[in-house]
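Please read the structure below before turning to the comments.
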Amino acid sequence: ILAAALALAGCGAEKHDELFGQRVKAYLLAHPEVLVEVQDKLREKQDAQLKTASTAAIRANRQALEHDDRDFVANPGGKYTVVEFYDYRCPHCVNIAPQVVSLIQANPDIRFVFKDLPIFGPPSERAARAALYTKTKGGDSLAVYHDLMTARPLDEAAVRRVLNAHGIDADGSEAADTKAMLDKHLLDTQRLAGEIGLRGTPHFVIGDLAIEGEDMDGVQAAISTLRAGKISAR
């Protein structure tokens, strides 16, 4: 008798669950905007979680982000630091490059750290090594950055033209020992990008803030906030 009662109770529960499911389905079909609202809330929650994780990662990697002696730094005496990860063949990086140069030239208090992050294959890696090599030879790194960003197509011949135009031996960056050293630098930068959750280029880090894409308005706003002391720079 007890077993029969339990079986009947179970059947009743299953029937109740089925009816409840049907009601939920009917409601959602009648009010699909609820699904959009749920998706928006989920996206907001995920974005908040990513921001929290990104902030923690930036703070944990502050030294590597801002003070790697191997990186080229424009306005090295500047009070406020901006970091950019970029690829010379990334169309968004190319589009924003003139604004980056203008920002540096117009704001001597902005210490701008360049992080070469080639993600578009061997030609990007070749250009990145050329840029890093320019720094080791005491060349005009900002001018080389500008010229590599504007050279199209950016192939081996273009890289050689840019370096030679600035008095840098184009073969030097590809010598075995030097290439290994520069590739180690690029690998370290790649690992750092992974640590802070970078999802593409360009990617700016200003204080504790991460700004993705061609968002120079966001960069300018973050700089203003940093200058005002409203975001952490430690």
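Quantities reported herein were computed from a predicted structural model and do not represent experimental measurements.
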Out of curiosity, [X] [atom1] to [Y] [atom2], how far, rounded to the nearest 0.5 Å?
{"X": "L198", "Y": "Q190", "atom1": "CG", "atom2": "CD", "value": "10.5 Å"}
{"X": "D215", "Y": "Q99", "atom1": "CG", "atom2": "CD", "value": "10.0 Å"}
{"X": "Q63", "Y": "L192", "atom1": "CD", "atom2": "CG", "value": "11.5 Å"}
{"X": "L163", "Y": "S173", "atom1": "CG", "atom2": "OG", "value": "6.0 Å"}
{"X": "L182", "Y": "Y133", "atom1": "CG", "atom2": "OH", "value": "8.5 Å"}

When you measure from the side chain of [X] to the backbone N and O of [Y], does any donor-acceptor pair fall under 3.5 Å?
{"X": "T150", "Y": "H146", "value": "yes"}
{"X": "N107", "Y": "I110", "value": "no"}
{"X": "N95", "Y": "E214", "value": "no"}

Could you pull out all residues at least two apart from [X] that satisfy side chain to side chain donor-acceptor pair (under 3.5 Å)?
{"X": "N61", "answer": "none"}
{"X": "H203", "answer": "none"}
{"X": "K179", "answer": "D183"}

Shortest non-hydrogen contact from [X] toward [Y]:
{"X": "A222", "Y": "I211", "result": "CB-CD1, 3.7 Å"}
{"X": "T201", "Y": "H92", "result": "O-CB, 4.3 Å"}
{"X": "E125", "Y": "P118", "result": "N-CB, 3.6 Å"}
{"X": "Y88", "Y": "A131", "result": "OH-CB, 3.3 Å"}
{"X": "N75", "Y": "I104", "result": "ND2-O, 2.9 Å"}
{"X": "A158", "Y": "A151", "result": "CB-CB, 4.2 Å"}

request  = Kindly indicate whether the side chain of Y80, heavy atoms from C-beta on, has any atom under 4.5 Å from the side chain of I223.
outcome  = no
message = Would you say that L154 contacts P123 through its side chain, given a criterion of any heavy-atom pair below 4.5 Å between the two side chains?
response = no
request  = Might you work through the ring pair (Phe, Tyr, Trp, His ring centres under 6.0 Å) test for Y86 and Y145, ending with a clear yes or no?
outcome  = CA-CA 11 Å; Y86 60 92; Y145 165 85; 5.4 Å; yes
Sequence neighbours excluded, which residues qualify as salt bridge (Lys or Arg N to Asp or Glu O under 4.0 Å) partners of [X]?
{"X": "E212", "answer": "R199"}
{"X": "D147", "answer": "none"}
{"X": "K184", "answer": "D188"}

inquiry  = Before you tell me yes or no, could you show the steps for L148 and V159 under side chain to side chain contact (heavy atoms under 4.5 Å, CB included), namely the whole-Å CA-CA distance, both residues' side-chain angles and the distance that decides it to 0.1 Å?
reply    = CA-CA 7 Å; L148 288 174; V159 171; 4.3 Å; yes
Check: F85 ring centroid to F114 ring centroid under 6.0 Å =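 No - the distance between ring centres of F85 and F114 does not fall below the 6.0 Å cut-off.
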Partner set under side-chain contact (heavy atoms from CB on, under 4.5 Å) for [X], not counting sequence neighbours:
{"X": "A165", "answer": "none"}
{"X": "S102", "answer": "none"}
{"X": "L29", "answer": "K25"}

What pairs of residues pass the salt bridge (Lys or Arg N to Asp or Glu O under 4.0 Å) test when at least one of them lies in [range], not counting sequence neighbours?
{"range": "residues 155-165", "value": "R126-E156, E156-R160, R160-D171"}
{"range": "residues 90-118", "value": "D71-K115, D109-R227"}
{"range": "residues 85-104", "value": "none"}

inquiry  = Between I96 and M216, does the side chain to side chain contact (heavy atoms under 4.5 Å, CB included) criterion hold? Intermediate values first, please.
reply    = CA-CA 8 Å; I96 207 169; M216 189 52 72; 3.8 Å; yes
request  = Run through T81, V219, T225, V83 and flag the one making a side chain to side chain contact (heavy atoms under 4.5 Å, CB included) with I206.
outcome  = V219
